[in-house]
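Notes to accompany the following structure.
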2 protein chains.
Amino acid sequence: MPKQVDHDERRRRLTEALLRIAGTRGLQAVSMREIAAEAGVSLRVVQYYFTNKQALLDSGLAELGSRMDRRVRQRAAATTGGPSTRDLFAAVLGAILPSDEQSRLDSLAWTAYYTAALTDPALAATGLTLPNALEDFLTTRLATAQQAGDITPDRDPRTEVAALLALANGLTSSVLSRQRSHEAAAAIVGYHLDRLFGPAAAPPHR
Amino acid sequence: MPKQVDHDERRRRLTEALLRIAGTRGLQAVSMREIAAEAGVSLRVVQYYFTNKQALLDSGLAELGSRMDRRVRQRAAATTGGPSTRDLFAAVLGAILPSDEQSRLDSLAWTAYYTAALTDPALAATGLTLPNALEDFLTTRLATAQQAGDITPDRDPRTEVAALLALANGLTSSVLSRQRSHEAAAAIVGYHLDRLFGPAAAPPHR
DNA sequence: TCTGAATGGATACAGTCGTATCCTAACGCG
DNA sequence: CGCGTTAGGATACGACTGTATCCATTCAGA
C-alpha cells in the first residue's frame, strides 16, 4: 500500500474514529494520538491527512451534521405514499431522538460539539445551523395542514413547531443521561402529537 | 492575613472563580492555574484549599445545583398568597430559562457539567439528580389541580410535567446559543400553559 | 533504469496539565 | 519569649498535548 491512496477514504476513516471517541469518551478525550490509535494508524498519518486538529474537528462536525440530516430524510421518506402530516412529524421527531446505539453515539457527539461551541468561538464559526432549516420546513408544512383543516385554527404553527423541536431536544438530553428510555421519550412526543392533530388516525399507532 | 483564615470563605471564592471560567470559557478551560489567576491568588492556594481538581469540580457542581435550586424556590415563593397552579408552573419554568446574565452563565456552566457527565464517569457519580425531585413535586401539584377541575381530565399529569420540563430544557439550549431570546422562549412556555390551563386567568399575562 | 513525488515511521520540541515538595513567614499559645 | 502549627510563595516532576522535522520506503512516469 505504499503509494496510490484514496485520500477521501482515509479521511473518512479518521473522522469516524474521531466521532467514535467523542461519542464514547467525550470531546475532551479526542487527541491526535487517540484518533490514530482508534483508527489503527500512526500519529503521522493523522497529521498527513489533516493539516490541523481544527480541520479534523470541523470534518467531524460536518459528518455528524450529514448523518443527522440523512437520518431525518430517511425516516421522512419511509412514510411515503400519502403521508399524513402527523406521520411526517412523528417520523421527523422520532429521527431526532436517539433510538439505536449508533444514533445514541451520534447524539452524544453532537451534544458535545454543541456545548463546546457555546463557549469556544472556533467551533461556533463552523455551522450548527441545521435546526433552522428543519424548523422552517415543518412550519410551512403545519400551516398547510391547518388550512386543510387537519388542526384547529387556534394553533400557531410556528410556535407549535418550535415547541416540538425544543421538546425533542430536551427529551434527547434525558435519553442520553438514561433518565428515560427511547420508548418513553417517543411516547411523550406521541402524546403531544395526539393533542395537536387529534387522537391518532387509528393505524399508524405503534 | 498570615494566620487565621476562614476556610469556607476561601473555598467559596475559588468555587465562584471556577464557575466564572466554566460559564465564559467552558469547562475544558478550567485548570488549577486558571482558577488561581481568576481568583487573584497563587496556584499553591488553590491546592491548599482543595486536595484535588476533582474536589474542586465537585464543589462547583454542588454550588451550581444550590444556585438553581435557590432560583426556582425564590420565584416559586414570589407567587405567594393564593398562587394558582398555573402561576406556580409559570414561575418554576421561568426560573429554569436563563433570564439575566448571571443565570445565563450558570446555565452555561450547568450544560457543560451535564455534557461532561454523559461521558465522564467521575462526574456522573456526583449528583445530577435535582430534576427528578422537581418533576415529582410538579406532578403531584398538577394531579391535585386536575382533581380540583383546573385542567381537563383527559390530561396525564406525569406526561404533561415531563414534557414541560423537557421543553424548558430544550428552550434553554436555544437561548444559550442565542437562537432565541429569553422572551421568545418564555412566550412558548406561556403558549403551552395556556393550552394546558385554558387561556391565562387575565392578570398574570405579561 | 533512473528520478522524484507520495506515503508514513520515528523522534523531537515547546507548552500546559495535575500534583508534589521545599521552604519561609506569621501568628496563637504555652 | 520561644515553639509549633497555619498559610502560602517558588519550583519541580512526569505525563500529555499539538505541531514540526528527519528519514526511509515505494511506486509512476520519463
Side-chain angles (χ1 to χ4, degrees), chain A residues 1-22 24-61 112-113 116 119-123 125-126, chain B residues 1-22 24-61 112-113 116 119-123 125-126:
Chain A
M1 80 184 70
K3 211 173 180 193
Q4 221 68 326
V5 176
D6 184 344
H7 280 222
D8 286 342
E9 196 268 350
R10 273 288 206 261
R11 272 190 273 265
R12 206 168 39 90
R13 277 220 194 305
L14 292 172
T15 303
E16 284 167 4
L18 155 59
L19 292 181
R20 234 173 295 136
I21 297 173
T24 53
R25 278 174 292 160
L27 208 50
Q28 92 292 342
V30 170
S31 75
M32 299 270 143
R33 285 165 239 257
E34 282 295 328
I35 294 171
E38 175 72 29
V41 298
S42 77
L43 169 61
R44 184 66 177 87
V45 172
V46 181
Q47 286 189 283
Y48 190 74
Y49 290 99
F50 287 95
T51 62
N52 259 350
K53 183 183 184 181
Q54 189 59 47
L56 202 26
L57 290 176
D58 290 352
S59 169
L61 185 52
Y113 267 105
T119 48
D120 180 359
L123 260 307
T126 321
Chain B
M1 79 187 68
K3 211 167 176 198
Q4 222 68 326
V5 176
D6 185 343
H7 280 222
D8 286 342
E9 196 269 349
R10 272 288 205 263
R11 272 189 273 263
R12 205 169 40 88
R13 277 220 195 302
L14 292 172
T15 302
E16 283 166 5
L18 154 59
L19 292 183
R20 234 172 296 136
I21 297 173
T24 52
R25 278 175 291 159
L27 208 50
Q28 93 291 345
V30 170
S31 76
M32 300 268 139
R33 285 165 239 256
E34 281 296 326
I35 294 171
E38 174 72 28
V41 298
S42 77
L43 169 61
R44 183 68 176 84
V45 172
V46 181
Q47 286 189 282
Y48 191 75
Y49 290 100
F50 287 95
T51 61
N52 260 348
K53 183 183 185 181
Q54 189 58 48
L56 202 26
L57 290 176
D58 290 352
S59 170
L61 185 53
Y113 267 106
T119 48
D120 179 0
L123 260 306
T126 320

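All values below come from the heavy atoms of this structure, side chains included, with hydrogens, waters and symmetry mates left out. In what follows, chains carry the letters A, B, and so on, assigned in the order in which the sequence lines appear, proteins first and then strands, with residues in each chain numbered from 1.
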With a 4.5 Å cut-off on side-chain heavy atoms, are [Y] and [X] touching?
X      : Y       : value
L19(B) : Y113(B) : yes
E38(A) : E34(A)  : no
Y48(A) : V41(A)  : no

Between [N] ([atom2]) and [X] ([atom1]): distance, integer Å:
X      : N       : atom1 : atom2 : result
L43(A) : dG18(D) : CG    : P     : 9 Å
D58(B) : dG18(C) : CG    : C1'   : 15 Å
Q47(A) : dT19(D) : CD    : P     : 8 Å
L27(B) : dC17(C) : CG    : C1'   : 15 Å
I35(B) : dC17(C) : CD1   : C1'   : 12 Å
L14(A) : dG8(C)  : CG    : P     : 10 Å
R10(B) : dT6(D)  : CZ    : P     : 16 Å
M32(A) : dC13(C) : CE    : C1'   : 16 Å

- How would you label the contact of Y49(A) with the nucleic acid (heavy atoms, under 4.0 Å): base, sugar-phosphate, or nothing? sugar-phosphate
[X] side-chain proximity, nearest of [options]:
X      : options                  : value
R44(A) : dG9(C), dT11(C), dT17(D) : dG9(C)
V45(B) : dT19(D), dG9(D), dG9(C)  : dG9(D)
S42(A) : dG18(D), dC17(C), dG9(C) : dG9(C)
S31(B) : dA6(C), dC17(C), dA20(C) : dC17(C)
Y48(B) : dT6(D), dT7(C), dT17(D)  : dT6(D)

- Item | Closest-nucleotide ordering on DNA chain D, the 5'-leading residue of R33(B) and A29(A) | R33(B)
- Message: Check the phosphate of dT19(D) against N52(A), side-chain N and O only, distance under 4.0 Å to OP1 or OP2. Yes or no?
- Response: yes
- Quick one: is dA6(C) close enough that its OP1 or OP2 comes under 4.0 Å of any side-chain N or O from H7(A)? no
- Message: So which atom in I35(B) and which in L56(B) form the shortest heavy-atom distance, rounded to 0.1 Å?
- Response: CD1-CD2, 3.7 Å
- Query: For the residue pair L14(A) and A39(A), what are the closest heavy atoms and their distance?
  - Reply: CD2-CB, 3.8 Å
